[in-house]
Amino acid sequence: MQDFHATSMQVKDFDLRHTFESAQPLTFHADYNPALNSLIYASGKNLISVMHVGGTGSGKVMVVSEDLGFASNEVIRRFRLNDNMRSIYKKINTDQFIAESIKRYRGMRLTLNDPWETTVCFIISQFNNVKRIRSIIKNMVARFGEPILDGDNKIIGRAFPSSEILRNASIKELMKCGTGFRARYIKSAAEYCTDNLDLYGLNQNDYYGLKEALMEIDGVGDKVADCIILMGYGNLNAFPVDVWVKRTIEKVYFKGKKKKIKEIHKFAEDMWQNWRGYTQQYLFWHFRQMKNDERRVYEGIKQRY
DNA sequence: ACCCAGGCGGGCG
DNA sequence: CGCCCGCATGGG
C-alpha cells in the first residue's frame with residue numbers, strides 16, 4: 001500500500017457525472033464509478049481519486065492521493081473548479097436551446113488536460129465514435145503508458161504515454177491499439193512534438209498563434225486544433241465545429257439552412273464572444289443526447305438578442 | 001449485411 | 001482556394 005491522504009472542498013455548480021460522460025480527453029481513459037460518483041485518473045506519475053458528494057448546485061469534492069498538495073491543485077485546475085459557472089451561464093445563455101442544456105447539464109465543466117494527451121485524443125477522434133475513442137485510448141495507455149507503482153511495486157495505474165514513447169512505437173504496434181489509418185498521424189505528431197514543437201512552451205492566451213502552430217502537426221486540422229486549444233490549453237475562444245455542432249447551429253439558429261464552417265465560427269464569435277468554448281460544450285452535448293424527434297422542436301428557436 | 005462515427009490530407013478544377 | 005474523395009475499425 002501507498003500512503004494515501006484525503007481532503008475535501010466545497011464546490012458550487014459542479015457535476016462530476018455530466019463532466020465525465022460528456023466525452024472529454026480526461027474521461028477517455030479514467031475509470032468512473034457511477035455508483036460512488038467517483039473517478040480515478042493518472043496525472044503524470046500521480047494517481048488521483050475524485051469523489052463528488054452532495055448536489056450539483058452545492059456539493060463537496062473529495063480528493064484522495066499520495067501527494068495532497070499536488071492533487072488538490074491538480075483537481076481544481078483539471079476540472080476548472082475556479083470557474084464561476086453562475087457568471088459563465090449568464091454570458092452564454094442567449095436562448096431557449098442553451099437554457100435547456102444548462103438546465104439538464106448544470107455543473108458540466110470543461111476539463112483542462114495535458115496538451116500532448118489532448119492532441120493524441122483528438123487525432124484519434126477523427127472519423128470515429130466516442131465508444132471506440134475510449135477503447136483505443138485505453139489500449140494505448142495499457143500498451144505504452146509508464147506504470148505507476150505502489151509501495152509494494154505493484155502496478156496501480158499507468159501514465160498517458162509521452163510523445164517520446166510514442167515516437168519510438170512502430171506503426172504496427174499503434175495499429176494494434178485500434179488506431180487504424182490514424183496510426184501514421186500519431187507517429188508523425190509524436191516525432192514533430194518531440195523534435196520540432198514544444199507544446200508546453202506555447203502561449204495559452206494567443207488563440208490564433210496556437211491554432212497556427214497546432215495545425216502544423218500532421219493529422220491536426222481546423223476542428224482538432226480547436227479541441228486542443230479548448231481542452232488542452234483552456235482557451236475559451238476556441239469553438240470546435242464538428243458535424244454535431246454544425247448540425248446544431250444550422251438547425252437551431254438557421255432553420256436548417258447549410259452554413260460553411262467559417263460562417264459558423266463567425267456566428268459563434270458574435271454570439272458568445274470569448275466564452276464560446278463553454279457554449280460549444282453545452283451545445284454539443286445537449287444536441288448529442290437528444291433523440292431525433294426532440295431535435296425537431298428546436299428548429300428556428302427565438303433568441304434573446 | 002450495411003451504415004455510421006466529435007476530420008484530415010491530398011488531388012483536382 | 002473550394003470541393004470531393006478515401007480512409008481502418010467495430011458497434012448498432
Side-chain angles (χ1 to χ4, degrees), chain A residues 18-29 101 105 108-113 115 117-140 142-143 169-193 211-233 235-236 238-252 258-266 268 276-292 295:
Chain A
H18 292 324
T19 305
F20 172 78
E21 288 177 348
S22 63
Q24 304 187 47
L26 155 78
T27 72
F28 289 151
H29 61 92
S101 178
Y105 304 107
M108 176 172 66
R109 303 276 174 146
L110 282 168
T111 57
L112 179 57
N113 307 272
E117 181 175 333
T118 309
T119 301
V120 176
C121 285
F122 282 105
I123 284 176
I124 290 169
S125 78
Q126 66 172 269
F127 198 45
N128 214 340
N129 61 63
V130 173
K131 213 163 219 166
R132 250 175 59 75
I133 297 166
R134 282 212 164 101
S135 118
I136 294 169
I137 298 286
K138 283 187 172 175
N139 292 342
M140 288 182 67
R143 183 176 282 258
S170 68
I171 299 284
K172 205 171 175 184
E173 285 177 298
L174 290 169
M175 295 276 278
K176 276 189 186 164
C177 300
T179 53
F181 66 91
R182 309 162 195 85
R184 66 180 180 84
Y185 292 147
I186 296 165
K187 172 90 173 167
S188 163
E191 287 169 358
Y192 187 72
C193 293
K211 193 142 185 183
E212 196 182 342
L214 293 170
M215 284 181 67
E216 288 300 310
I217 303 170
D218 198 17
V220 176
D222 178 78
K223 188 267 173 180
V224 169
D226 273 328
C227 285
I228 302 168
I229 295 169
L230 184 58
M231 298 176 215
Y233 290 91
N235 187 321
L236 300 181
F239 188 87
V241 181
D242 60 34
V243 288
W244 292 98
V245 170
K246 186 165 181 295
R247 281 174 207 160
T248 309
I249 298 278
E250 287 167 349
K251 225 179 203 335
V252 175
K258 295 287 175 200
K259 289 286 161 186
K260 288 171 186 166
I261 304 277
K262 267 197 169 177
E263 296 177 301
I264 293 177
H265 278 303
K266 174 78 166 61
R276 55 193 183 276
Y278 254 108
T279 313
Q280 191 270 0
Q281 187 64 17
Y282 277 84
L283 287 178
F284 167 74
W285 196 240
H286 186 25
F287 198 75
R288 276 237 38 187
Q289 294 298 90
M290 285 193 301
K291 304 285 180 217
N292 272 329
R295 283 176 187 147

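If you check every strand for non-hydrogen atoms under 4.0 Å, A/Thr248 touches nothing. Among the protein residues, A/Phe284 comes within range of the nucleic acid bases, having at least one heavy atom under 4.0 Å from a base atom. Using a 4.0 Å heavy-atom distance criterion, A/Val220 is classed as a sugar-phosphate-only contact. Looking at heavy-atom distances under 4.0 Å, A/Ala23 makes contact with a base.
Using atom C1' as the reference point in both C/dG10 and B/dA1, the two lie 14 Å apart (nearest Å). Rounded to whole Å, the separation between the P atoms of B/dG11 and C/dA8 comes to 15 Å. Of the P atoms belonging to C/dC5 and B/dC4, the separation is 15 Å, rounded to the nearest Å.
Salt bridge annotation for A/Asp218-A/Lys187: absent, with no cationic side-chain nitrogen under 4.0 angstrom from a carboxylate oxygen.
Side-chain contact, A/Gln281 with A/Thr279: no donor N or O sits under 3.5 Å from an acceptor N or O. Neither side chain, A/Glu21 nor A/Thr27, offers a donor N or O lying under 3.5 Å from an acceptor on the other.
At a threshold of 4.5 Å between non-hydrogen side-chain atoms, the residues A/Ile186 and A/Met140 count as touching. A 4.5 Å side-chain heavy-atom check between A/Lys211 and A/Ile229 finds at least one atom pair inside the cut-off. By the 4.5 Å heavy-atom criterion applied to side chains, A/Gln126 and A/Tyr185 are counted as neighbours. Side-chain contact between A/Gln280 and A/Asp226 is absent, with no heavy-atom pair separated by less than 4.5 Å.
Nucleotides of DNA chain B that come within less than 4.0 Å of any heavy atom of chain A span, from the 5' end to the 3' end, B/dA5 to B/dG9.
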Per-nucleotide protein contact string for nucleotides 6-12 of chain C (B base, S sugar-phosphate only, - none; heavy atom under 4.0 Å): -BBBB-S
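Within 6.0 Å of the CD atom in A/Glu212, the count of heavy atoms belonging to other residues, nucleotides or ligands does not exceed 12.
In terms of heavy atoms, A/Arg288 sits closest to A/Arg295 at O-NH2, 3.4 Å.
A 3.5 Å limit on both hydrogen-bonding distances identifies no Watson-Crick or G-U partner for B/dG6.
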